[in-house]
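Computed from a predicted model, the values in this text were never measured in an experiment. All chains are named by letter (A, B, ...) in the order of the sequence lines, taking the proteins before the strands, and each is independently numbered beginning at 1.
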Amino acid sequence: MDQNVHVLPQTFYQSTDVVHLAKQLLGKIVISDIEGKITSGIIVETEAYRGPDDKGCHAYGGRYTERTRTMYAIGGTVYVYICYGMHPMFNVVTGPEGDAHAILIRAIEPLNGAEIMLERRNMSFAKTDLTNGPGKLAVSLGITKEMNGSLLYEKESTIYIKSGNIVVEEKDIVSGPRVGMSVHVGPCAHRPWRFYIRDNPWVSKPLVVNYKW
DNA sequence: AAGAGGATGAACT
DNA sequence: GTTCATCCTCTTG
């Protein structure tokens with residue numbers, strides 16, 4: 001194996017700057033190893049959610065419920081919740097225990113195990129909508145809500161993230177408002193905390209340009 | 001106990 | 001462009 005490729009250690013996730021980490025995750029490789037079925041992909045799109053001052057965050061204002069409990073776990077914990085009653089969302093918790101920050105993985109570019117991904121998605125041939133959305137990539141990687149609370153950095157983890165040889169330069173990172181922020185969120189909705197790799201065809205949807213006037 | 005709405009996706013026209 | 005499938009979580013009463 002390439003010496004430059006290794007599983008991200010627990011320390012990687014401990015920064016309190018979740019916005020910075022959301023950019024750092026671009027180009028990293030997420031791998032699932034479920035009952036011998038190995039699938040992987042390059043992270044090409046992320047969104048940062050920063051409790052408690054971010055109204056877009058489930059843990060806004062320090063909200064602590066059965067669901068948000070996972071967000072307060074130590075950085076490197078997997079946060080999976082179900083959206084719209086059916087779509088699993090794969091998030092990476094960051095920061096020290098007690099800080100409710102997380103990064104939503106919104107799109108990946110498939111690397112290995114494409115046949116397995118296709119099977120999980122009930123598709124017959126690969127095209128970008130295999131993994132160009134948070135629910136889609138979670139299903140293709142076999143991520144379920146049962147993985148909520150598991151750790152990314154342990155050797156036996158069924159899901160983990162590696163650094164590869166892909167270098168994403170700042171100039172190749174596009175940022176914009178996060179997807180799905182309701183108008184009620186107010187100023188937080190405009191925080192440009194969605195990041196993706198410029199011109200990458202596997203990104204969920206192109207940035208919608210907002211004209212202020 | 002009930003109801004609203006959501007960090008979506010698929011299937012339509 | 002639109003609709004709706006489908007259900008969990010949170011809020012309210």
Side-chain angles (χ1 to χ4, degrees), chain A residues 18-19 21-23 25-26 30 41 43-73 75 77-95 99-110 117-149 159 174-197 201-210:
Chain A
V18 64
V19 176
L21 277 183
K23 291 194 273 187
L25 278 181
L26 294 176
V30 57
I43 296 172
V44 300
E45 180 177 345
T46 61
E47 278 178 1
Y49 288 88
R50 188 177 73 190
D53 70 309
D54 172 14
K55 282 193 176 178
C57 180
H58 291 159
Y60 170 64
R63 191 165 51 181
Y64 190 90
T65 65
E66 185 58 30
R67 180 177 66 159
T68 64
R69 185 161 50 85
T70 309
M71 291 195 74
Y72 293 85
T77 300
V78 175
Y79 173 41
V80 181
Y81 72 93
I82 301 298
C83 185
Y84 292 99
M86 63 193 98
H87 306 294
M89 299 286 118
F90 170 46
N91 299 255
V92 176
V93 175
T94 69
D99 279 15
H101 308 315
I103 298 164
L104 172 68
I105 309 301
R106 285 196 53 88
I108 64 172
E109 176 176 334
M117 293 185 182
L118 287 168
E119 194 178 311
R120 287 172 177 154
R121 291 267 295 126
N122 202 19
M123 290 169 61
S124 53
F125 60 96
K127 46 188 198 296
T128 54
D129 67 350
L130 177 61
T131 54
N132 67 349
K136 299 175 194 178
L137 76 87
V139 169
S140 68
L141 290 172
I143 292 169
T144 66
K145 64 183 192 300
E146 278 67 38
M147 292 183 190
N148 183 48
I159 182 151
V174 180
S175 64
R178 293 167 293 180
V179 177
M181 295 283 100
S182 89
V183 294
H184 305 298
V185 173
C188 291
H190 303 303
R191 286 176 170 174
W193 288 355
R194 174 188 178 212
F195 304 102
Y196 62 83
I197 299 177
W202 298 86
V203 162
S204 66
K205 54 174 128 170
L207 190 58
V208 176
V209 177
N210 288 323

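- Rounded to an integer number of Å, the gap from Asn148(A) CG to dT9(C) P is 10 Å.
- Remark: C1' of dA7(B) and CZ of Arg191(A) are 15 Å apart, rounded to the nearest angstrom.
- Between Asp129(A) and Arg121(A), the closest heavy-atom pair is O-NH2, 2.6 Å.
- An OP1 or OP2 oxygen of dT8(B) is reached within less than 4.0 angstrom by no side-chain nitrogen or oxygen of Lys205(A).
- One N or O on the side chain of Thr46(A) and one on the backbone of Ala22(A) form a donor-acceptor pair closer than 3.5 Å.
- Distance Met71(A) CE to dA7(B) P: 11 Å, rounded to the nearest Å.
- As rounded to whole Å, 16 Å separates atom P of dT8(B) from atom CD1 of Ile143(A).
- With 3.5 Å as the limit, one finds no donor-acceptor pair spanning the side chains of Arg120(A) and Ser140(A).
- One can place CZ of Arg69(A) at 11 Å from P of dT9(C), the figure rounded to the nearest angstrom.
- Residue Tyr84(A) places no side-chain atom within donor-acceptor reach of the base of dA5(C), judged by atom type and a 3.5 Å distance cut-off alone.
- Ranked by how close their nearest DNA chain C nucleotide is to the 5' end, Arg63(A) and Ile82(A) are led by Ile82(A).
- Under 4.0 angstrom from either OP1 or OP2 of dT8(B) there lies at least one side-chain N or O belonging to Arg106(A).
- In this structure, Arg178(A) forms a cation-pi arrangement with Tyr49(A), its terminal cationic atom sitting closer than 6.0 Å to the ring centre and no more than 45° off the ring axis.
- Atom CG in Asn132(A) sits roughly 12 Å away from atom C1' in dA10(B) (whole-Å rounding).
- Atoms CG (Asp129(A)) and C1' (dA11(B)) sit 12 Å apart, rounded to a whole Å.
- Proximity note for Arg67(A) (side chain, C-beta onward) versus dA7(B), dT11(C), dT9(C): the nearest is dT9(C).
- Within 4.0 Å (heavy atoms only), Met89(A) reaches sugar-phosphate atoms of the nucleic acid but no base atom.
- Counting any heavy atom pair closer than 4.0 Å across all strands shown, Asn91(A) reaches a base atom.
- In the set dA5(C), dT11(C), dA7(B), the nucleotide with an atom closest to the side chain of Met86(A) is dA5(C).
- Between His87(A) and dA7(B), a side-chain N or O to OP1/OP2 separation shorter than 4.0 Å is absent.
- For dA10(B), the OP1/OP2 oxygens have a side-chain nitrogen or oxygen of Arg121(A) closer than 4.0 Å.
- For Lys127(A), the NZ atom is densely surrounded, since the number of other residues' heavy atoms within 6.0 Å is greater than 12.
- Looking at Met117(A) and Thr131(A), their side chains come closer than 4.5 Å, going by heavy atoms from C-beta outward.
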Checklist outcome for this item: Dot-bracket assigned to DNA chain B with the 3.5 Å Watson-Crick/G-U criterion, [ ] for crossing and | for other-strand pairs, is ||||||.|||||.

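- We find that CZ of Arg194(A) is positioned 10 Å from P of dT8(B), with the value rounded to whole Å.
- No side-chain donor-acceptor contact under 3.5 Å links Tyr196(A) to the backbone of Leu26(A).
- Among residues two or more places apart in sequence or in another chain, the side chain to side chain contact (heavy atoms under 4.5 Å, CB included) test is passed with Leu21(A) by Phe12(A), Ser15(A), Gln24(A), Thr94(A), Ile103(A).
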